[in-house]
Trainee: 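Sending over a structure as structure tokens; questions will come in a sec.
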Amino acid sequence: MRTLVLWDIDHTLISIDGLSREIYGEAFHEVTGRPMDKLADMAGKTDRAIVSETLRLHGIAPAAEVITAFADVLAAAFTARQTEIKKRGRELPGARTALTELAARTDTVQSVLTGNMKPIAVCKLTAFDLQGFVDFEVGAYGLDDAARAPLVGLARQRAKQKYGETFNASTTVLIGDTPNDVDAGHRGGARVVAMATGASDADELRAAGAEIVLPDLTDTDAVVRAILQVSTT
Ligand SMILES: [Mg+2]
């Protein structure tokens, strides 16, 4: 049996800091004709939830067609700024080596579980040339659901469809940087290895219930060991 490894993207593998806010602002303006005064909290949230909440913060009802229009504009805006994403963002230390190491193993399947909608997830990882290490087909994304927890089951279902293997709560491992990732993993049916590379420190991630917390991805052996340790195939 193999382990399904599902990576969060922002502040776990890469960071593009203020650029996301700028792009959200542009998209908001294009869709609503108004400036974006406030942006919903983004940490560990899905694009569907961020878009809905941001619209609500401006007194706009998040109707399905508005969300779809917003999502389309957002995806195009991220894609148009891919070069800038690379220039202003950064690949987090150890990310490439960890992805490389796991991609080479025969006992793991590697994908993403991210709040980013799929085209944005692909755009961000491609900007840093990290797209080749993960199987995007079996991932779960920010438009699949507003909540993060249901994404776990979706990814497991997609992996089963593609590989004919059943991944359960003890053979699915999420790697993320927020208490929301930890919570989603446990509610959705997965073990969680957390990285203290986002806004939350190791104590917060431990308090949220992460099975293992690491400071970052720089110790590749520790990362791989943690993943294999928490999953019982
Ligand atoms: Mg994150």
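Note that ligands are numbered from 1 as they come in the structure, with each ligand's atoms numbered from 1 the same way. Only heavy atoms go into these numbers, but all of them, side chains included; no hydrogens, no water, no symmetry mates.
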Trainee: Of L4, V173, V5, V224, which is the lone residue that meets side chain to side chain contact (heavy atoms under 4.5 Å, CB included) with T108?
Mentor: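 It is V5, the one option of L4, V173, V5, V224 that forms the side chain to side chain contact (heavy atoms under 4.5 Å, CB included) with T108.
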Trainee: Find out whether the Lys NZ or Arg CZ of R2 is both under 6.0 angstrom from the six-membered ring centre of Y163 and within 45° of the ring's axis.
Mentor: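 Pair R2/Y163 counts as cation-pi.
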Trainee: Quick check: of its N, O or S atoms, which one does D177 have closest to the Mg ion (ligand 1)?
Mentor: OD1
Trainee: May I have the angle between D8 OD2 and D10 O with its vertex at the Mg ion (ligand 1), rounded to 10°?
Mentor: 90°
Trainee: Which residue is it: Q110, K162, R158? I am looking for the one with a side chain to side chain donor-acceptor pair (under 3.5 Å) to D135.
Mentor: K162
Trainee: Has D181 got an N/O/S atom less than 2.8 Å from the Mg ion (ligand 1)?
Mentor: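 Looking at D181, which is the residue asked about, there is no N, O or S atom under 2.8 Å from the Mg ion (ligand 1).
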Trainee: Counting only heavy atoms from other residues, nucleotides and ligands, does the tally under 6.0 Å from CZ of R187 exceed 12?
Mentor: no
